[in-house]
Amino acid sequence: MTNKKLLLIDGNSLAFRAFYAMYNQLDRMISHDGLHTNALVAFNNFLDQIVDPMQPDLAVVAWDAGSGKTTFRGELLSSYKDGRSKTPSEFLEQFPYLREMVALHGLRNYQQEGLEADDIIGTYSRLGEAAGYSVTIVTGDQDLIQLATDNITVNVTKKGVTEIERYTPDYILEKFNLTPAHIIEKKALTGDTSDNYPGVTKVGEKTALKLLAEYHDLDNLYANIDGMKPSKMKENLMNDRDQAFRARQLATILTAADLELPLEEIEYRGVDYDALIPFYEKLDFKQQLAKIKALKRSGQIAGDDTVDEKSVQVVGLKDSNLRALSMLGDKVALHIEYVSEDYHAGEMIGFVIGNAAVGYYGSRDVSLLQQSELKTLVENDKIQKNVFNVKAQLVLFKRLGLKLTGVNFDFLLAAYLLDTVDNDNVFATLAQRFDIYLTPDEEVYGKGAKFKIPSDSGRVLMHIANKANALMALEEPTFSALNEHQQTHLYTDIELPLAHVLANMEFQGIKVNPEYLQERGRDLAQRIEDIQSAIYIEAGEKINLNSPKQLGVLLFEKMGLPVIKKTKTGYSTAIDVLEKLAPQAPIVDHILQYRQLAKLKSTYIDGLLSVIYPEDSKIHTRFLQTLTQTGRLSSVDPNLQNIPMRSEEGRLIRTAFIPSEPNWQIFGADYSQIELRVLAHVTGDANMQKAFLNGEDIHAETARAVFGLPNDAVVDPLMRRTAKAVNFGIVYGISDFGLANNLGISRAEAKRFIDTYFQEFPQIHDWMNQIKQFAHDHGYVETIAHRRRYLPDINAKNFNLRSFAERTAMNSPIQGSAADIIKIAMIKVNDALKAHHFQARMLLQVHDELIFEAPSSEIDELSEIITSVMDSAVSLDVPLKVESHSGATWYDAK
DNA sequence: GTATTCACG
DNA sequence: ACGTACGTGAATACC
């Protein structure tokens, strides 16, 4: 039998935690009435995630009455809680709404003159325990753990308000070696700085625990103090005796206060969703509103007419009724539903086509799409299609042997361009931006182990039809938002055509030689084993070499090597640390070798082998077009944008990537220093532009500038290397700290480099300041193609968050404009390949380079055309330079 | 699920 | 007083 549950919440301390947990969002979270809502948002999350699911029988949120001065503690000590900084007004203004929120979630608010929230909780907890309840306390204040018993658990927030540490008597014993009651004794000795009362001078946590281990409690300690051997501490204890006993009184939470409201009247009433709607509307809690609507729609809570959407009708398609589709007209929404993220291989479970005016038609059987009525519709570019994720749909149709054309509106692509920040690539969440609420896929299919396609086909089709219906409704507001952002060109002429190019590249795939990988894998396995044995001998024990934790113990504890860098959880064993330690112990170098080989084997040999399609020996990556914050692509399953290159050992992996036809070659073309050229262009810096216009070695030229060398001076390699690092730093949004770290020089030296750099390239300096100012004023920055990146933290009060946003403001236009350029180039290259009737195929993009396969006979002409298309893709104030290479494998195309 | 490490531009 | 270079993805360990 389970006990009845009593939930006691420390309102003040949790609200306080909530406010500071989202403090950096303070300026972002303001309702249309000008009310700050950060604490409200966090507190609501707490109620949602912790309280609502718990369904207690009784529940109360206790609040402090006044400042604490009117309590017995204020009487005991007039300076009680003095010295606390004034509560910010942005916090105070949220209090009334916090109480309202609590009430609407079905909990009692309770406060009482003369009592603090602690005392209310303390008293109810004992009343509840006596009445047989299982009691749960939630607070942000560790002092409350003194209340823990076998029937009373105290949950203290750890980070934010939804991460919690559970204190039971057992846990307290384990953690502090104290019983709950002794928490008070400890406090008596240490005092409490935040409540502004002293304990015993010079006694802190450690000393207090030691004293309690010996003397058990305060009474016993003072009873036996004469026997204590003389020390400064003994003196302090004697002098501060009264203070200690007063501190114990102050620290003791009342458990028998006279409460006006009897226990049985704090009944939990459950969440009042209907009343929460206007409340959330007032606070602009869009996510919460969407959630309620979704709950109502799915019948999990009672619905009413104001939120029920008109259900979409779907006509089930069969061979016999396909002719009805001719009624649809020239604009439809179209969606093939697929369930694995990997649309190259996963199952297609149905499709819907239609529009709001005529209706929606669908089937679970996607092979119907190959019937002539549907095929002509799909392949007719005069019939405009609205879709979600055109690249995925293009590939799915290709798998069915169909060529999807006429796509004009891709909601995913547009939503990504409008705002990259809150983009999870999920239709239901993105539609919410436009106040359209769809049932999330997860709700229909479940997720993880619970994933299941519903047996009710009608339900599946309805779900797809709702998406189609949303695609019709979203088109107009989405296009108008793109227009407002001046992003129509970016959408229509860059991203949408690029999606088609990428779909072809992915579908085409790149051929891999599995035997080569297997052979290298065997070689690596042997060498890894040898190094591992050598390391075990040197270490004198066997550990898991892949565990940074075990490695840390070995190197820094057993071997006593100096700790150079720490991580959040322990010692860092990262490569730069190990390189510094290598001269001190031969084992370190062996570990570095082990790491390199293990990485190659697991990620690149085994990893690539596992994603080769056996039927054609090809790898089909997916380029994510709507993920990065800057506009770059990324590549997954597998990532073909990080195949090793820098070490020869790793670079050999590229030998496995081969042409898919006999007598073909791999051909690569890359932009040289595209980001620095973009920098020279956008900043308009005359000196840097001149260097590029004159075809100079830019890093050498930078070295001459920052080291004050004459124009024709020879630059030694170290100077060039330093200048190169400075150039990188500039592109990343430089800081002296970062540069110093990278170059292993002092911060002051790094600062001198940066200062000189900015003197030599003054317009770069000006631009850095302007772009930061622009970001502060507008909350976003832009690329040359009006790609936008919002920077929510640009006005944050937190220095780190703000600094990060400022560096991002400087870097994103550079990295993003370079991404714009290569995207434009890809479209033009694709067109050029067609126009010249090349057999050559574009296969991969790696940020500043394009990889192709082509007949050997085409290479010379291809090289000429592709480099010229790429270097003229856009017209900047500096030239773009493209280099190209070809060879029998990707490795040889260097 | 989070943290660490390391591969790329 | 704070404490960082920009953008990614995959493998592994560990809770």
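Chain A is the first sequence line, chain B the second, and so forth, proteins listed ahead of strands; every chain is numbered from 1. Small disclaimer: the values here were computed from a predicted structure and weren't measured. Basis for what follows: all heavy atoms, side chains included, without hydrogens, waters or symmetry-related copies.
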### Message
Measuring to OP1 and OP2 of C:dT8, would you say a side-chain N or O of A:Arg632 lies under 4.0 angstrom away?
### Response
no

### Message
Between A:Tyr167 and A:Glu165, does the side chain to side chain donor-acceptor pair (under 3.5 Å) criterion hold? Intermediate values first, please.
### Response
CA-CA 6 Å; A:Tyr167 287 91; A:Glu165 194 165 17; 3.2 Å; yes

### Query
Which nucleotide, C:dC6, B:dC8, C:dC14, lies nearest any side-chain atom of A:Asn811?
C:dC6

### Message
Check for me: is A:Tyr732 stacked on C:dC6 by the 5.5 Å centroid and 30° plane-angle rule?
### Response
yes

### Query
Between C:dA5, B:dC6, C:dG3, which nucleotide has the shortest distance from any of its atoms to the side chain of A:Ile575?
B:dC6

### Query
Does A:Gln815 get its side chain close enough to the base of C:dC6, under 3.5 Å, for a donor-acceptor pair?
yes

### Message
Is there a side-chain contact between A:Asn544 and the phosphate of C:dA13, meaning an N or O under 4.0 Å from OP1 or OP2?
### Response
yes

### Task
Quick one: label A:Asn741 by what it contacts on the DNA or RNA (base, sugar-phosphate, nothing), any heavy atom closer than 4.0 Å.
nothing

### Query
Among the nucleotides C:dC6, C:dC14, B:dT4, which one has an atom lying closest to any side-chain atom of A:Lys549?
C:dC14

#### Entry: side-chain N/O A:Ser547 vs C:dT12 OP1/OP2, d < 4.0 Å
no

### Query
If the P atom of C:dC2 is compared with that of B:dA7, how far apart are they to the nearest Å?
33 Å

### Query
Quick one: are the ring centres of A:Tyr757 and A:Phe753 less than 6.0 Å apart?
no

#### Entry: Donor-acceptor pair (no angle test) under 3.5 Å: A:Ser803 side chain, C:dT4 base
no

### Task
Establish, yes or no, whether a centroid distance under 6.0 Å links the rings of A:Phe657 and A:Tyr891.
no

### Task
Check every strand shown and say whether A:Asn742 touches a base, only sugar-phosphate, or nothing at a heavy-atom separation below 4.0 Å.
base

### Task
Output the single nucleotide from C:dG7, B:dT5, C:dC6 whose closest atom is nearest the side chain of A:Arg807.
C:dC6

#### Entry: Listed nucleotide nearest any side-chain atom of A:Pro644, set C:dT4, C:dA10, B:dC8
B:dC8

### Message
Using only modelled atom types and a 3.5 angstrom limit, is any donor from either the side chain of A:Arg646 or the base of B:dG9 paired with an acceptor on the other?
### Response
yes

### Task
To the nearest Å, give me how far apart CZ (A:Phe799) and C1' (C:dA5) are.
13 Å

#### Entry: Worked check of side chain to side chain donor-acceptor pair (under 3.5 Å) between A:Thr420 and A:Gln629
CA-CA 6 Å; A:Thr420 57; A:Gln629 300 299 306; 3.0 Å; yes

### Task
Remember a base hit wins even if backbone is also touched, and classify A:Ser812 as base, sugar-phosphate or nothing at under 4.0 Å, heavy atoms.
nothing

### Heavy-atom pair with the smallest gap, counting every atom of A:Arg802 and A:His776
CD-CE1, 4.3 Å

#### Entry: base_contact_polar (B:dT5 base, A:Arg595 side chain, donor-acceptor, <3.5 Å)
no

### Task
Ignoring the backbone of A:Asn642, work out which of B:dG9, B:dA7, C:dC14 is nearest its side chain.
B:dA7

### Query
Just checking A:Arg789: base, sugar-phosphate only, or nothing, at a heavy-atom cut-off of under 4.0 Å?
sugar-phosphate

### Query
Between A:Thr569 and B:dA3, does any side-chain N or O lie under 4.0 Å from OP1 or OP2?
no

### Query
So what does A:Leu624 touch, heavy atoms closer than 4.0 Å: a base, only the sugar-phosphate, or nothing?
sugar-phosphate

### Query
Looking only at heavy atoms, which two atoms of A:Leu676 and A:Met688 are closest? And how far apart?
O-SD, 4.1 Å

### Query
Tell me: CZ of A:Phe804 to P of C:dC2, nearest whole Å?
21 Å

### Query
Nearest of B:dG9, C:dG9, C:dT4 to any side-chain atom of A:Asn639?
C:dG9

### Query
Are A:Ser634 and C:dG9 close enough that a side-chain N or O sits under 4.0 Å from OP1 or OP2?
yes

### Task
Looking at every strand, decide which applies to A:Leu633 at a 4.0 Å heavy-atom threshold: base, sugar-phosphate, or nothing.
nothing

### Task
Could you tell me whether the phosphate oxygens of C:dC14, OP1 or OP2, come under 4.0 Å of any side-chain nitrogen or oxygen in A:Gln550?
yes

### Query
Does C:dC6 have OP1 or OP2 sitting under 4.0 Å from an N or O in the side chain of A:Thr630?
no

